[in-house]
There are 2 protein chains.
Amino acid sequence: MKAFKTANESDARGNGFIPNLAIDVVVFGFHDSQLKVLLVKYSKTDYVALPGGFIKVDENLHDAAERVAKERTGLNNIFLDQFFVFGDMSRYNAQPFREVMEANGMPAKADHWLLNRFISVGYFALVDFTKVTPTPDKLFDSCGWYDLNALPALIQDHAEIISKALNALRDRLDDKLIGFNLLPEEFTMGQLQALYETILGKKLLRSAFQRKMLGLNILERLAKKYTGAANKAPYLYRFKAK
Amino acid sequence: MKAFKTANESDARGNGFIPNLAIDVVVFGFHDSQLKVLLVKYSKTDYVALPGGFIKVDENLHDAAERVAKERTGLNNIFLDQFFVFGDMSRYNAQPFREVMEANGMPAKADHWLLNRFISVGYFALVDFTKVTPTPDKLFDSCGWYDLNALPALIQDHAEIISKALNALRDRLDDKLIGFNLLPEEFTMGQLQALYETILGKKLLRSAFQRKMLGLNILERLAKKYTGAANKAPYLYRFKAK
DNA sequence: TTATTATTGTAACATATTGTTACAATAATA
DNA sequence: TATTATTGTAACAATATGTTACAATAATAA
């Protein structure tokens, strides 16, 4: 969960928001053959966390997730998928928030709504890395990409949330063909394979991979891409929506 | 969501429970080659709903789901899986609850906590039909099995919740081998195939199905089962836990 | 201009998985 | 003892996937 977003969140009562319920969004990007995750760091402390937020009392849950994702990426039409609800008492630890609030000159009274126990709905977002503008909260955090293989220490259970998000992404990759959301509009077969290998965490055979992808009939072949390399130029492809 | 369960739920403020958040459990059973769903019917009205409940302020989410499932089935160690969170505003309709409360002599003041908007975490449970004792709430409902193919009208979005639960069950059937939770301890290959066919909604080829199941190395072959029918007696099998 | 080099696109074959047909082995009953 | 309806499994066919091989480039070097 992530605190201090819109005007009302700093209200000690949390007026206008559903209490005890948060959203955490794992925003995945793909760059330099690496999976990246968008994280925020609270100012004046070193706490690193997932982008998160709360649900307005009259807001659709999915809209709240979109709002959170849009605030941190600057993007519209983000691919978002629910994957798990985190509701163990063991995840409850208000200490980081208390410190953040105090470090930023905010009275952290014991009954402040943000210091209560929260259950959090986990979403993952798949975005085109090149289109994202990591956007910090105006008041309380910085925001940026981190390598999935070199994550810093995260508050509460946010490391576990990322881990479960990655598992969900892996599970749904073949059935739901959602990987394309991580690539730019046009891409080569090599880039697509690198993406799959990175997500699945294993090497794939080039020949079989290409045959499979082309056999799915979801790729439109475009012009060749002359990279300047001393070899045959690969074709560009575009994902064919149904 | 389901109302009026333990002492405190009838409190107009909902003290002790997390507000605006509910759990709905789709309890699946298998009987007579049919999938069954456990539903409750509120007394003095004809509203039919999924078993549901709320989360205590200091209770693990999963424990709350177990508690709800246990209250309606009488079973311990129930297989439970999260599948979706229902959070659209369009599902919000307090009218049925208002009627139920009034019909049962309970003052349904406009600010009663149960009449607020709820977001609901969907779980499905897989149980051995023969072991379940459908147990109504002491005060406000009856409880029983309904054929999945002949569901009555349900309140709010409960029909959609069941539909999504079934989809989740289908998706996870092969990967996670959870179907066995719907069968008694010992079963024949024919029963197992009937279960799979019912869940997947299609016929399977006996020969390939048997070969696949045996090839998974998860079945322990027991004694033959003499059914009294004029044909070869099938073996009984038991699911081998890892 | 003509090799050289690395990579791409695809064919060809091998292996594994799944679909389909066939048949022997029963457990009652006639 | 023959008949009947299943069950367990083999055998073959059709697909799908794993693996190897090779022609077709797009630069660069000779």
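Every chain is numbered from 1 and lettered A, B, ... according to where its sequence line falls, protein lines coming before strand lines.
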*Asks:* Below 30° counts as parallel, above 60° as perpendicular, anything between as tilted: where do the rings of A:Phe118 and A:Phe54 land?
*Replies:*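 A:Phe118 vs A:Phe54 ring planes: tilted.
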*Asks:* Scan residues 193-204 of chain B for pairs that pass side chain to side chain donor-acceptor pair (under 3.5 Å), counting only residues two or more places apart or in two chains.
*Replies:*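 Sorted result for residues 193-204 of chain B: B:Gln193-B:Glu197.
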*Asks:* C:dT17 C1' sits how many Å from B:Lys212 NZ, rounded?
*Replies:*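 Checked: the NZ to C1' distance equals 9 Å.
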*Asks:* I want to know whether B:Phe187 and B:Phe239 have ring centres closer than 6.0 Å.
*Replies:*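 Distance test on ring centres: not under 6.0 Å, no.
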*Asks:* Salt bridge check, B:Glu160 against B:Arg91: does any charged N sit closer than 4.0 Å to a carboxylate O?
*Replies:*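 The answer is no: the pair does not qualify as a salt bridge.
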*Asks:* What dot-bracket string describes DNA chain C from 5' to 3', counting Watson-Crick and G-U wobble pairs whose defining distances are under 3.5 Å, with [ ] for crossing pairs and | for pairs to another strand?
*Replies:* ||||||||||||||||||||||||||||||
*Asks:* Starting at NZ of A:Lys225 and ending at P of D:dA26, how long is that distance when rounded to a whole Å?
*Replies:*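 It works out to 15 Å between those atoms.
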*Asks:* Could you list by number each residue of residues 228-238 of chain A showing a heavy-atom separation from DNA chain D of less than 4.0 Å, or answer none if no residue does?
*Replies:*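 Those residues are A:Gly228, A:Ala229, A:Ala230, A:Asn231, A:Lys232, A:Ala233.
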*Asks:* Are any of B:Arg206's side-chain N or O atoms less than 4.0 Å away from OP1 or OP2 of D:dA5?
*Replies:*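 False: B:Arg206 side-chain N/O out of range (4.0 Å or more) of D:dA5 OP1/OP2.
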*Asks:* Nearest whole angstrom, please: distance from the P of C:dT8 to the CD of A:Gln193.
*Replies:*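 Going from A:Gln193 (CD) to C:dT8 (P), I get 9 Å.
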*Asks:* Starting from the 5' end of DNA chain D, give me the residue, A:Thr227 or B:Met189, whose nearest nucleotide shows up first.
*Replies:*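 Its nearest nucleotide lies further toward 5', so the answer is B:Met189.
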*Asks:* Please list, chain by chain and in numerical order, all residues satisfying salt bridge (charged side-chain N to carboxylate O under 4.0 Å, His left out) with A:Arg238, sequence neighbours excluded.
*Replies:*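 Only A:Glu220 meet the salt bridge (charged side-chain N to carboxylate O under 4.0 Å, His left out) criterion with A:Arg238.
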*Asks:* Would the distance check show the side chain of B:Gln82 and the main-chain N or O of A:Val85 forming a donor-acceptor pair, the cut-off being under 3.5 Å?
*Replies:*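 Yes, because the side chain of B:Gln82 sits within donor-acceptor range (under 3.5 Å) of the backbone of A:Val85.
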*Asks:* CE of A:Met213 versus C1' of D:dT17: gap in Å, rounded?
*Replies:*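 After rounding, the reported distance stands at 14 Å.
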*Asks:* Counting only side-chain heavy atoms from C-beta out, which of D:dG8, C:dA28, C:dG9 sits nearest to B:Tyr226?
*Replies:*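 Closest of the options to the side chain of B:Tyr226: C:dA28.
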*Asks:* Are the side chain of A:Gln210 and the backbone of A:Met189 linked by a donor-acceptor contact shorter than 3.5 Å?
*Replies:*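 Side chain of A:Gln210 to backbone of A:Met189, a donor-acceptor pair under 3.5 Å: no, none is there.
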*Asks:* In this structure, how many angstroms lie between the P atom of D:dG8 and the CZ atom of B:Phe209, rounded?
*Replies:*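 For the pair B:Phe209 CZ and D:dG8 P, the rounded distance is 12 Å.
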*Asks:* Which residues satisfy the ring pair (Phe, Tyr, Trp, His ring centres under 6.0 Å) test with A:Phe84, sequence neighbours excluded?
*Replies:*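 Partners of A:Phe84 by the ring pair (Phe, Tyr, Trp, His ring centres under 6.0 Å) criterion, ordered by chain and then number, come out as A:Phe86.
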*Asks:* Do the side chains of B:Arg67 and B:Glu59 get close enough for a salt bridge, i.e. N-O under 4.0 angstrom?
*Replies:*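 Looking at B:Glu59 together with B:Arg67, the answer is yes, because their closest N to O distance falls below 4.0 Å.
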*Asks:* I need the CG-P distance between B:Leu214 and C:dT17, as an integer number of Å.
*Replies:*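 Distance check: B:Leu214 CG to C:dT17 P gives 15 Å.
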*Asks:* Quick one: does any side-chain atom of B:Asp175 pair with a main-chain N or O of B:Arg172 as donor and acceptor, under 3.5 Å?
*Replies:*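 No; zero donor-acceptor contacts below 3.5 Å.
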*Asks:* Does the pair A:Asp141/A:Arg72 count as a salt bridge with the N-to-O cut at 4.0 Å?
*Replies:*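 Salt bridge between A:Asp141 and A:Arg72, a charged N being under 4.0 Å from a carboxylate O: yes.
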*Asks:* Measure from CG on B:Leu205 to C1' on C:dA22 and round the result to the nearest Å.
*Replies:*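 About 13 Å, once rounded to whole Å.
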*Asks:* For D:dA26, does OP1 or OP2 lie under 4.0 Å from any side-chain N or O of A:Lys224?
*Replies:*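 Yes, within the criterion.
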*Asks:* Set out, line by line, the N/O atom pairs under 3.5 Å between protein and nucleotides 11-14 of chain C.
*Replies:*
{"from": "C:dA11", "atom 1": "N6", "to": "A:Ser207", "atom 2": "OG", "distance (Å)": "2.8"}
{"from": "C:dA12", "atom 1": "N6", "to": "A:Arg211", "atom 2": "NH1", "distance (Å)": "3.4"}

*Asks:* When you measure from the side chain of B:Asn60 to the backbone of A:Met89, do you find a donor-acceptor pair of N or O atoms at a distance under 3.5 Å?
*Replies:*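 Checking the backbone N and O of A:Met89 against the side chain of B:Asn60, a donor-acceptor pair under 3.5 Å is found.
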*Asks:* Over how many whole Å does the gap from B:Phe187 atom CZ to D:dT7 atom C1' extend?
*Replies:*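 About 16 Å, once rounded to whole Å.
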